[in-house]
Amino acid sequence: MELMFHSSTFLIPAIPPDHRPSTTYALVVLNQHLPKFAPLLWKHAKLRLCADGGANRVYDEMPLLLPHEDASHVRSRHTPDVINGDMDSIRPEVVDFYSNLGTKIIDESHDQDTTDLHKCVKYICDFTSNLDKSSLCILVAGALGGRFDHEIGNINVLCRFSAVRIILLSDDCLIYLLPRTHYHEINIQSSIEGPHCGLIPIGMPLGSTTTTGLEWDLTDTEMRFGGLISTSNIVKAERITVQSDSDLLWTISIKKP
Ligand SMILES: Nc1ncnc2c1ncn2[C@@H]1O[C@H](COP(=O)(O)OP(=O)(O)OP(=O)(O)O)[C@@H](O)[C@H]1O
Ligand SMILES: Cc1ncc(C[n+]2csc(CCO)c2C)c(N)n1
């Protein structure tokens with residue numbers, strides 16, 4: 001089985017040149033308060049999308065996160081490549097503003113069975129060649145800490161696109177899927193994340209999980225909703241390893257600046 005390596009270097013302001021990851025980041029902004037590090041994610045991303053009302057957030061809140069710069073300059077510097085969704089939340093003046101600056105507007109109001117995040121992830125996958133998909137990582141800003149149906153819908157996108165690296169982010173924590181197809185090594189960026197973490201079985205019971213580097217490590221342990229799941233765990237090492245016979249969610253706290 002292959003090793004899959006994970007590291008939250010996208011939260012580090014200046015990645016040292018010799019540590020520059022080969023990862024290509026795409027950013028999706030959802031319709032929730034922008035996390036404080038949104039300008040940093042924007043800078044790291046090669047492709048930037050807003051899911052419907054997420055465009056209002058970039059328009060309204062990006063200038064608030066960069067208060068020492070001229071607001072209209074901040075707005076025009078942070079122009080999304082694409083706005084995709086069912087367009088029931090974006091304000092008309094925001095559509096006009098970004099379409100005049102060249103943003104591609106995709107109205108998928110005919111589809112009321114998939115979420116705006118799903119539509120954005122599908123767009124990115126269709127846009128990326130199979131070769132590039134291996135280095136693709138989709139960062140999703142504003143995915144957690146709001147309406148519970150939206151949060152679960154966002155987690156479901158991790159499961160529906162389990163072959164794609166997708167990271168859900170809020171100001172407080174991040175979540176991603178550890179597919180059962182790989183061994184996992186998680187490199188902890190201790191200046192910006194941890195120590196609180198969790199490993200959560202999603203969708204199906206887990207026969208066996210084994211970890212290293214946690215205060216409460218698992219050793220061939222069975223986890224299931226309604227039984228044992230690992231919450232309020234603590235990272236104890238810079239390198240965490242996880243091996244499981246089923247898909248797992250990994251979550252870790254993000255430190256306040
Ligand atoms: N409170 C929230 N918590 C978590 N994610 C959210 C929240 N609000 C919106 N989102 C995410 O942002 C995306 C775009 O939000 P938007 O409000 O435009 O969606 P929507 O489809 O109009 O939602 P609804 O009609 O159910 O209110 C959603 O698909 C969802 O992924
Ligand atoms: C069983 C079922 N439950 C809810 C919805 C509603 N829904 C799900 S995604 C979406 C689009 C949101 O932008 C909407 C309206 C549905 N279609 N099917």
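Every number for a ligand or one of its atoms is a count from 1 in the order of the listing.
Ligand 2 has no nitrogen or oxygen under 3.5 angstrom from a nitrogen or oxygen of Thr114. Of the N or O atoms in Thr115, none lie within a sub-3.5 Å distance of an N or O in ligand 1. Between Thr115 and ligand 2, a contact under 3.5 Å exists for no N or O pair.
In this structure a side-chain-to-backbone donor-acceptor pair under 3.5 Å is missing from Glu238 to Asn187. In terms of modelled atom types and a separation under 3.5 Å, the side chain of Thr221 and the main chain of Thr219 share a donor-acceptor contact.
Using a 3.5 Å distance cut-off with no hydrogens or angles, the side chains of Asp217 and Thr211 do pair a donor with an acceptor. If you check the side chains of Thr212 and Thr241, you find a donor sitting under 3.5 Å from an acceptor.
Taking a 4.0 Å cut-off on heavy atoms, Ala51 registers as neighbouring ligand 1. Between Ala143 and ligand 1 there is a heavy-atom distance shorter than 4.0 Å. Assignment of Gly145 to the shell around ligand 1 is not supported, since no heavy atom sits closer than 4.0 Å.
Under a 4.0 Å criterion applied to the non-hydrogen atoms of Leu117, ligand 1 contributes the atoms 29 (O), 31 (O). Under a 4.0 Å criterion applied to the non-hydrogen atoms of Asp88, ligand 1 contributes the atoms 20 (P), 22 (O), 25 (O). Remark: ligand 1 atoms within the under-4.0 Å shell around heavy atoms of Gly53 are 18 (O).
Contact annotation: for Asn154 versus ligand 1, heavy atoms closer than 4.0 Å belong to the side chain alone. At a 4.0 Å heavy-atom cut-off, ligand 2 touches Asp86 through the side chain alone. Counting heavy atoms under 4.0 Å from ligand 1, residue Asp116 touches it through both backbone and side chain.
Remark: atom 11 (C) of ligand 2 lies closer than 4.0 Å to at least one protein heavy atom. Shown here, atom 2 (C) of ligand 2 is out of close reach of the protein: none of its heavy atoms lies under 4.0 Å off.
Between atom 26 (O) of ligand 1 and the options Glu151, Arg57, Arg147, the minimum heavy-atom separation is to Arg147.
Closest to atom 15 (O) of ligand 1, if we only count protein heavy atoms, is Asn31 CB, 3.2 Å. With respect to atom 18 (N) of ligand 2, the closest heavy atom belonging to the protein is Asp113 OD1, 4.2 Å. Looking at atom 6 (C) of ligand 2, its nearest protein heavy atom turns out to be Gln112 O, 3.7 Å.
Using cut-offs of 30° and 60° on the angle between ring planes, the pair Tyr98 and Tyr59 is perpendicular. Note on ring orientation: taking the six-membered ring where Trp is involved, the planes of His184 and His182 are tilted (angle from 30° to 60°).
A 4.5 Å side-chain heavy-atom check between Leu178 and Ser244 finds every atom pair outside the cut-off.
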